[in-house]
Structures are given as structure tokens and as C-alpha cells.
Amino acid sequence: MPRSWTSSTAWSTPPAMRDAPISARGRAPAPAKILGVALIATALLAAAHLGLFRTSAALLQAEHGLLGRFLAAALCPALDYESAVPAGTPPLWQKVLEGLRSTASFALAGLSLALCFGAPLGILCARSTWRAEKHDPRALAARALWLGARSLAAALRSVHELLWAALFLAALGASPLAAACALALPYAGTLAKVFSELLDEADERAVRALEETGASRVQAFLAARLPTALPDLTAYAFYRFECALRSAAVLGFFGYPTLGLLIAQAFENQHLRELWTYLYALLLLVLLAERWSSALRRRLVA
Amino acid sequence: MSELARWERIAALRKQRPRAGLLHGSALALALLAVLAWTTGDFASSAPTAGGRLAELARFAHELVPHALRDRPLELGELGAWIAERWSTSGAAATATTLALAIAATALAALLALPASFLAARTLACAEPYVDDPRPASRVRRATWGLAQRLVRALLLLLRATPEYVLAFLAVALLGPLAWALVLGLALHNAGILGRLGAELAEDLPPRPAAALRASGATRTQIALLLLLPVAASRFVLLLFYRGETCLREATVLGMVALPSLGYGLAQARARLFYDEMLFFIACSALLVLAGDLFSTWIRARLSVARRGNCT
């Protein structure tokens, strides 16, 4: 099985792109120069629209005292609270651990919900699930169902998790379950899209062999296609765990008790050294997850 | 073959099957952690089961309907007029700003990632790049290049590990509510990703042409700019469009920090409890992201066809 794309460890690129699906139909090559000029012109136009050229002077004149203090604080993150706290407040390290625990727990809850919906949706989004003979009268219905599943996945994905969170906050108030659902919906859409591509890319030989010896579609899927794709599916789920940790941290800016909340509060109180402690804790958590998932991917290639 | 022999054969084959011990163990560990999260967190207890919650949901659903249209049968014409009015007063401008934010951030990320990916590529950022028989380079030179390449890699890793929203929040806090701050936050995170992917592109290029150039006396910079850059450019542009999709999705929320864009409008509507307007902004961002996805998929398909055309 071609695994060239796995070796590039580039989960941030969708599977469909790694071995760029190239149709055999010859079309005139897009003139590279026109494309380059268009790209640069678009970028300049966007920058002008935002007033980036106009305000770059303001950027340089920004109050640099705060920036300097912020950067200096990076070298000495706080090991204890920077200002007096009421008696009985747990020590800082306990607060950091609690932030880490709750970030991980929001990420895990969101991701497990997302897997429950995303995995079945991924199967429905796979082309191979709906494969039908050309003249089969059911082909049209299959295509409609496939399109429906794909559109559902695309719609879930197109609304950012923070926007889902804003909706749920307004509808249900600040409940942890609402936060987990806000994470789960767009993640289910993304998982469905990538899972369907991985299932379609799985080695066809085992599936063919089973189908030609009389196995039903469902049997061939369960005994051949799914097991073949399972390592890749698992590895991708791990990559999404890493992303879920980042998203869970950001949910803190909406008041959920994750690391984002601690970061926002530390900045409001101008506790810059504490802020760096939380930032380092977040980086440590994400980097640990990154090492874990990239170790899995490397093992897949070997 | 007797029944027993057949089962023995199956058992033997089963023993030979490839194992992925680490993968299984990791999946099990993650599942256990998820169970732990569900049992220790107060997710389950907060489920909206009580009647009060349902009443609240009904009230919320009612408030999602545009204000002028509430409490009477829905007329599509009026709804259309309301949407058109919202679009021309704030929606269009916010959507344009969001799009511009995503494009500017992707462009800046590419600008930052290009030099970083050369400096992070192991094949190029070493004491004697593309030399088959590495002449003993001086120890100092080897150590310096090794250190530089590792430092760039570590920096890229840190950038992509930090969520773009956190970067944007810090940038706005430190630089003030400028568009620059959001662009920087989004661009830095994506430069971390593009830099890594770009380094892999450079490392995966066939070494022969570069070695030939090197043997005829080309410098490292010449190899990078005259050989690697043109050869890898088309693949890099593909990556750029892919990251552009993600940037657009992220740009829809960054406005919550500052800058009158879709996220900003949404945050304002939320603060004033105008849920109909909030839904309008969410719909705008969903449509923008969908349109961006479609455009990017279309252009990536065209570009890969073109690339194939060039190769053959």
C-alpha cells in the first residue's frame, strides 16, 4: 500500500492531497506566471483592505513597555501567585494541574462524542460505501444519499467550534456538556471527511478477494476494508486529539475552566509571569500529544 | 484438509498477522482517558433534561427568528428583505474583512515560512549540503548548522503548538486592537505548519540535480533559490490553498478579539442578546467557509492537473 504520504507526517494536509488525485484528462497547464501575479495581487489587495500598510507605523509606535515586560516574563514564569491571595487558596501548581486536567477532559469528551457521530458519518461519506453498477436503478438513490452525507459533514465543519459554543451558550447556558457538544459537532464533520477518504484509499485487493468469493458488501467492509484502514483511522483520531486539546484550551476564553480562561484572567490582572506559567503548561500538554501521535504515525510507516 | 487442520492453519496465520502494539495500546489508553473524563467531569449531570431547560430552549428558538417577523406566520419575502437589509448594513463589510484577514494571514505565513522551511530542511541546513562524500567539514561549522536547524525546527514546533486564538489574543493585548495583531496571530501559527511542511517538501526533492549544482560550485543560497524554490513552488502553492481554507475558518472567529468582522459582529449581537442577528452572522461565516472550501478544492484540482501536465 502506498504510504508515501504518511512518511511526510503531514496530517495537516488532507489525505486526498498527499498523493494529489490527478485526473488523466489532459488540460492546459494553468500559466504559472498569471497564477503567481494573481496570488500576490490578491494578498496586497487584502492587506490594503485591512489597512495594514496604513497602520504599520502605528505598530512600531505601539507602547513597548508592556511588550518588553511580557517578553521578559517568559524567562521567569511564576512558581507562586504574583499577588496576595485569600487564605485557603490552593497553591499555584494545583491550579495549573486543574487547568490541564480540565483542558484534557473537555478535549477527550468532545473528541469521543465526535467519534461516535463522525465515524458512522465517515462511512456514509465514503464513495466505496455507495458503489453501484452503472445501470442499477438504485445508483441514483445511492448518489443522493452520498451527497446528503457529504453536505451534512461539510455543514458541520463550516461552523467553527467557537461559533457552536456561542450558540450553545445562548441556548443552554454555560454547561460543560454544551462545550463538549460545541467541540464535537465540527470535529465530527472533519473526522467524517477524512475517514471517508482513508476508507476509499484502503487497499482494494482484500475487498475484491472477499467479494469475489461470495462475501456480501457488509461482510467485505467489516472483514477487509475496515481492518485495512483501521491503523490510519486511529492515527488520524490521535492527530485530532492534539487539535482538540488546542480547541478546548481556547474554549476557556468563553468562560469554561480550561487553560484559556486562566490565560485571559492572568492577563486581565497583569500577572504576566503567571500567564507564562499557563502558556508553558498548555504548550507542554500539546507537545506531549504531538509526540504521542507522531510516534504512532512513524510506527505506521515502518 | 481436515476441520482441525484448517483451524490450526487459521490460528497460525492469525499469529503471523502484522501487529500494531503501540497503536492498540494507545487507542486503549485514549479510550480509558475518555471514560475517565466522562465519569469525573460534570458533563453528564449538566444534561438539559429538566423542564426548565426545555422551556429555555423554546424561548431561544423563538428569539432566533428575526425580530420583525416574530409571532406571525413566516413569509419568505419578508425574511428575504430582512436578510438583504442585514447584509447591506453590516454583513457584506464584515464578510469582506474576514476574507481579507484570511488572505493576508495566509500570505504573511507563506512569507515567513519560505526562509524557515529552507533553514529547517536537514538536506540544506547542514555544513556541507548535497555532497555525496561529505568532506570533513570543520566541527564548528557542523555544530553551528546543526544548532541553527534545530532551533528553527523548535521555533516552528512552538508556533504550531500555540492555538491561533491565543496568539491573536496576546497580540491584541500587547499591540492594541489593530488588524495587524489578528493577522500576526493567525500568520504565526500557520507559518509553524507551513514551515514544517515546506521543510519536508525540500527534503523530499530528488538530490541529484542539487548535488550536480553543488559540484559545479553553486552556493547554498543559489541552490535554494534557483533550484529548490522553482521545483517545489507548485506543491507549496497547493499547501498554501489548503492552509488558506483553515485560515478562513479561523478568521471567522478571530474577530471576537477585535476588528469589525464576522466574529466581531457576532460577539456584539451576543452581548446585546440579539440572537437573530447572531444566527445571521453564523450563517454568513458558514457560507463563507463553504465557498472558500469549494474554491480551494476546485483550484487545487486544476493545479494538480496542470502539474501533471508539466511533468509528462
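So you know, we letter chains A, B, ... as the sequences are listed, proteins then strands, and number each from 1.
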Please classify the contact between [X] and chain B as side chain, backbone, both or neither, with a heavy-atom cut-off of under 4.5 Å.
{"X": "A:W164", "value": "neither"}
{"X": "A:A264", "value": "both"}
{"X": "A:S56", "value": "both"}
{"X": "A:L115", "value": "neither"}
{"X": "A:T55", "value": "both"}
{"X": "A:L282", "value": "side chain"}
{"X": "A:H49", "value": "side chain"}
{"X": "A:L44", "value": "neither"}
{"X": "A:L275", "value": "side chain"}
{"X": "A:F238", "value": "side chain"}

- Message: As a quick check of understanding, evaluate side-chain contact (heavy atoms from CB on, under 4.5 Å) for B:L178 and A:L52, giving each step before the final call.
- Response: CA-CA 9 Å; B:L178 296 167; A:L52 294 189; over 6 Å; no

- Message: Looking at A:R157, is its backbone amide N or carbonyl O close enough to the side chain of B:R249 to form a donor-acceptor pair, meaning the two atoms are under 3.5 Å apart?
- Response: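 Side chain of B:R249 to backbone of A:R157: a pair is present.
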
- Item | For chain B, which residues of residues 249-259 of chain A have heavy atoms nearer than 4.5 angstrom |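 Heavy-atom contacts from residues 249-259 of chain A to chain B are A:V250, A:F253, A:F254.
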
- Task: Taking atom CZ of B:R14 as the centre, report whether more than 12 heavy atoms of other residues, nucleotides or ligands fall under 6.0 Å from it.
- Result: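 Open.
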
- Task: State plainly whether the residues B:R160 and A:E242 are in salt-bridge range, i.e. N to O under 4.0 Å.
- Result: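 Salt bridge flag = no for A:E242 with B:R160.
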
- Message: Would A:L167 and B:F60 count as a side-chain contact (heavy atoms from CB on, under 4.5 Å) here? Give the steps.
- Response: CA-CA 10 Å; A:L167 259 183; B:F60 176 69; 3.8 Å; yes

- Does the side chain of A:S158 reach to within under 4.5 Å of the side chain of B:D293, using non-hydrogen atoms?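 Heavy-atom side-chain distance check fails, nothing below 4.5 Å.
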
- Flag the one option from A:V159, A:V286, A:L50 with the top tally of heavy-atom pairs under 4.5 Å to chain B.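 It is A:L50.
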
